[in-house]
Trainee: 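One structure is given below, represented as structure tokens, and several questions about it will come after.
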Amino acid sequence: MGRSSFRQTGIVLKGLIFDIKRFAIHDGPGIRTTVFFKGCPLKCPWCHNPEGIDPSPEIIVSDDRCIACFDCVAVCPKGAIAEAGRTVTIDRANCDLCGECVRVCYAEALEIVGREIDSDELMGEIRKDRIFYEQSGGGATFSGGEPLMQFDFLAETLSMCRDEGIGTVLDTSGFVSSERMIGIAPLVDVFLFDVKHMDSSIHERYTGVPNGPILDNLELLAKRGALIVARFPLVPGFNDSAENIEETASFLASAGIEEVRILPYHKAWLAKYEKLGKGVRPYMADVPSKEDMSGVIAAFRGHGLKVAVGG
Ligand code: SF4
Ligand code: SF4
């Protein structure tokens with residue numbers, strides 16, 4: 001069933017999101033509302049939004065906020081929370097996400113990440129800042145996670161934005177079938193398209209998926225005239241070799257991409273992995289130095305690309 005079919009039959013689609021950020025200024029042109037979809041086919045261990053990887057709601061604990069009152073332990077009907085020193089641990093296999101513990105936690109140390117929202121409600125959120133979009137050339141950005149994992153919901157919401165004259169940006173890993181990428185393209189004003197590594201086996205070892213569909217989709221979109229800003233997460237020890245940067249720059253330039261944004265690895269997000277409590281080991285590296293950044297910027301510029309850092 002296509003997006004228009006859903007609306008014609010009166011079906012209101014639902015999606016799973018984990019955040020809505022208003023007044024975003026790094027997620028595309030102008031002032032934007034960024035919607036974060038939950039679920040991603042990639043498992044990058046340096047992901048800044050690891051709570052966006054799992055396609056289901058999950059409960060997180062902020063140890064630094066916990067005041068050790070243990071009201072949550074008392075209220076949990078499943079006995080899934082236990083004291084652990086000055087904080088708590090959750091047996092996620094037993095937790096059914098009923099939310100009782102969140103309700104009694106006045107310190108706001110507990111949170112269920114991921115909530116269902118229907119396209120009408122989401123459009124209500126997006127419309128709130130319409131005046132700022134109009135003044136700044138902004139609009140709505142769909143990020144994640146990977147928004148294309150919830151294709152029908154994404155297409156429906158993009159279509160509603162289009163109908164209301166609200167600009168659209170799609171922040172994507174590019175890992176989706178070519179049919180879906182082509183299908184979504186007419187509803188997207190600007191793609192923020194991640195390119196992580198040119199060697200497919202290295203790409204798969206770190207992210208869990210090969211790079212073939214990603215590179216093919218980027219070329220496909222570019223050939224069809226889509227406006228694409230490439231994003232290159234610079235991750236020391238993963239993709240910062242001179243050879244890979246040269247290959248990446250060459251690929252982007254030959255595909256007709258004009259602009260690349262470099263996203264340097266940083267560590268501000270490390271605490272999120274602990275809150276998720278899944279035992280996932282985040283990628284650890286030194287942040288790129290100024291000299292490293294200068295070299296990477298020069299390499300991309302050497303292929304005629306316009307380069308910016310961040311966003
Ligand atoms: S209710 Fe909140 S503050 Fe109290 S022990 Fe549980 S998580 Fe900590
Ligand atoms: S969400 Fe419900 S089941 Fe899960 S830990 Fe909290 S109270 Fe227990």
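For the numbers below, each heavy atom of this structure counts, side chains included, while hydrogens, waters and symmetry mates do not. Read the numbers this way: they start at 1 and go in the same order the structure lists the ligands and their atoms.
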Trainee: Is there side-chain contact between H203 and I214, with at least one heavy-atom pair below 4.5 Å?
Mentor: yes

Trainee: Any N/O/S of C69 under 2.8 Å from atom 8 (Fe) of ligand 1?
Mentor: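 False for C69.
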
Trainee: Report the residue from L218, I184, L227 that forms a side-chain contact (heavy atoms from CB on, under 4.5 Å) with F191.
Mentor: I184

Trainee: Within this structure, what is the OG-CD1 distance for the pair S136 and I25, rounded to the nearest 0.5 Å?
Mentor: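 Atom-to-atom, S136:OG and I25:CD1 are 10.5 Å apart.
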
Trainee: Applying the side-chain contact (heavy atoms from CB on, under 4.5 Å) criterion to L192, which one of D171, L170, I228 satisfies it?
Mentor: D171

Trainee: Give the atom numbers and elements of ligand 1 that come within less than 4.0 Å of a heavy atom of F70.
Mentor: 4 (Fe), 5 (S)

Trainee: Given V61, V75, I81, identify the one with the heavy atom nearest to atom 5 (S) of ligand 2.
Mentor: I81

Trainee: Who's the nearest protein heavy-atom neighbour of atom 8 (Fe) of ligand 2, and how far?
Mentor: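 For atom 8 (Fe) of ligand 2, the nearest protein heavy atom is C76 SG, 2.3 Å.
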
Trainee: Could you tell me whether D96 approaches ligand 2 through its side chain, its backbone, both or neither, with non-hydrogen atoms closer than 4.0 Å?
Mentor: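 Near ligand 2, D96 shows its backbone as well as its side chain.
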
Trainee: Please determine whether a side-chain nitrogen of the Lys or Arg among K78 and D91 lies less than 4.0 Å from a carboxylate oxygen of the Asp or Glu.
Mentor: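 Salt bridge between K78 and D91, a charged N being under 4.0 Å from a carboxylate O: no.
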
Trainee: Got the closest protein heavy atom to atom 6 (Fe) of ligand 1, with its distance?
Mentor: C72 SG, 2.3 Å

Trainee: Among C95, G99, C101, C98, which residue places a heavy atom closest to atom 2 (Fe) of ligand 2?
Mentor: C98

Trainee: Would you mind running through ligand 2 and noting each atom that sits below 4.0 Å from a heavy atom of K78?
Mentor: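 That gives atoms 3 (S) of ligand 2.
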
Trainee: Short list, please: which atoms of ligand 1 are under 4.0 Å from a heavy atom of L110?
Mentor: 7 (S)

Trainee: How far is atom 3 (S) of ligand 1 from the closest protein heavy atom, and which atom is that?
Mentor: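 Answer for atom 3 (S) of ligand 1: I67 N, 3.4 Å.
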
Trainee: Need the ligand 1 atom indices (1-based, order shown) with element for anything under 4.0 Å from a heavy-atom of C105.
Mentor: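 So the answer, numbered in order with elements, is 1 (S), 2 (Fe), 3 (S), 7 (S).
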
Trainee: Among E58, Q150, E51, find the one that has a side chain to side chain donor-acceptor pair (under 3.5 Å) with K38.
Mentor: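 That would be E58; it is the only one of E58, Q150, E51 passing the side chain to side chain donor-acceptor pair (under 3.5 Å) with K38.
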
Trainee: Can you name the nearest heavy-atom pair linking G114 to L16, along with the distance?
Mentor: C-CD1, 3.8 Å

Trainee: Does A107 approach ligand 1 within less than 4.0 angstrom via side chain, backbone, both or neither, non-hydrogen atoms only?
Mentor: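 Side chain only.
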
Trainee: Any idea how Y265 and Y283 line up, ring-wise: parallel (<30°), tilted (30 to 60°), or perpendicular (>60°)?
Mentor: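 Judged by the thresholds at 30° and 60°, the geometry between Y265 and Y283 is perpendicular.
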
